[in-house]
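Remarks on the structure that follows.
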Amino acid sequence: MFPVALSASHIVEAVVVLLLLVVLIKSVRIANQYERGVVFRLGKYNRTAGPGIYIVWFLVEWQTKIDLRTVTAAVEQQEGITRDNVPIKVDTVVWYRIVDPERSVMEVRAVANAVEQVALTALRAVLGEHSLDEILKSQETISNLMQKAIDTATEPWGVKVERVQMKSVEIPPSMQRAMAQEAEALREKRARLIKAEAELAAAEQLRNAAEVIMQNPAALELRRMQMITEVGAEQNTMTIVMMPSEFVSLARNLGDLAGKVAAKT
């Protein structure tokens with residue numbers, strides 16, 4: 001009887017040891033460097049474990065694994081009305097990451113969906129507060145406003161919004177044509193201004209040249225000879241009649257004299 005009893009006790013001990021080994025093996029958990037395990041014991045939050053090897057006791061504790069890497073979420077296209085009553089469609093991308101695993105599990109359900117919904121509402125609110133020109137020309141500023149709005153809403157959930165970017169902005173075809181006409185008008189205005197500035201600069205240079213020539217009449221003869229040389233270098237049938245400058249001076253003097261006589265009479 002004694003050997004039989006000893007064998008039975010050994011069997012019981014072996015079963016207990018085997019059960020302990022099974023529980024220990026099933027309790028071992030491994031988390032990567034970018035993961036954390038939010039551990040609950042009998043339904044109550046106990047700790048945040050990881051990375052590496054840690055124990056989650058079988059049948060007593062359970063965990064929810066959280067990925068701490070940055071998540072890229074494409075927000076579905078939204079149609080909104082700008083402040084100047086222009087309908088537009090905007091595609092937005094949000095980059096966020098979990099910084100507090102405990103709050104991301106206990107404060108919100110389905111944190112990814114919650115962040116996307118907050119991004120949708122923030123996008124609609126921002127679109128209604130800005131005009132079309134502001135949205136097209138100041139996308140970086142509007143993206144920063146959206147980031148602050150989303151980050152404020154998600155901060156209690158342990159989520160940090162790192163960046164928000166508008167991927168594309170679609171406007172109605174009629175508005176595109178109007179904007180194209182406006183851009184064309186602006187380019188034409190700029191071209192006319194540049195041309196006017198060039199003519200003004202040319203007039204200033206001509207005035208300076210005239211003053212130099214008046215100070216030295218011989219310069220006029222040199223300029224006339226230079227012009228004849230330039231015309232002669234070209235293949236054309238132009239006929240040039242040379243008139244001495246004295247004739248021009250005589251005609252001017254006669255005109256002045258006739259004016260004085262007419263004034264006396």
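Since the structure is predicted, the reported quantities are computational estimates derived from the model, not experimental observations.
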Item to check | Residue pair T72 / W95, side-chain donor-acceptor N/O under 3.5 Å | outcome: yes

Return the [atom1] to [atom2] distance between [X] and [Y], rounded to the nearest 0.5 Å.
X    : Y    : atom1 : atom2 : result
T121 : Q78  : OG1   : CD    : 9.5 Å
L24  : L20  : CG    : CG    : 8.5 Å
I171 : K89  : CD1   : NZ    : 12.5 Å
I194 : R192 : CD1   : CZ    : 13.0 Å
T82  : H130 : OG1   : NE2   : 11.0 Å
M106 : D100 : CE    : CG    : 10.0 Å

Heavy-atom distance under 4.5 Å between the side chains of [X] and [Y], does that happen here?
X    : Y    : result
K160 : E155 : no
I135 : I142 : yes
E197 : L200 : no
V22  : F58  : no
R36  : P51  : yes
I53  : R29  : no
Q77  : V90  : no
L21  : V17  : yes

Can you tell me if [X] uses its side chain to pair, donor with acceptor, with the backbone of [Y] under 3.5 Å?
X    : Y    : value
N208 : E204 : yes
D91  : V75  : no
E134 : S131 : yes
R124 : E79  : yes

Checklist entry - Is the number of heavy atoms from other residues, nucleotides or ligands within 6.0 Å of CZ (R207) greater than 12? => result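 Yes, enclosed.
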
Would you say [X] and [Y] are hydrophobically clustered, going by side-chain heavy atoms of ILVMFWY under 4.5 Å?
X    : Y    : answer
Y45  : W62  : yes
V94  : L145 : no
V118 : V159 : yes
L59  : V23  : yes

Checklist entry - V161 and Q147: which non-hydrogen atoms are nearest, and at how many Å? => result O-NE2, 3.3 Å

Checklist entry - What pair of heavy atoms forms the shortest contact from V115 to Y96, and how long is it? => result CG1-CD2, 3.8 Å

Next on the checklist: Whether R83 and E129 form a salt bridge (side-chain N of Lys/Arg under 4.0 Å from carboxylate O of Asp/Glu) is what I want to check.
Outcome noted: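 No, E129 and R83 are not salt-bridged.
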
Checklist entry - Which is it for M146 and L123 under the side-chain contact (heavy atoms from CB on, under 4.5 Å) test, yes or no, and what are the steps along the way? => result CA-CA 7 Å; M146 289 180 56; L123 175 59; 3.7 Å; yes

Next on the checklist: Tell me whether the NZ or CZ atom of R103 lies within the 45° cone about the ring axis of W157 and under 6.0 Å from its centre.
Outcome noted: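 Here R103 fails the 6.0 Å and 45° test against W157.
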
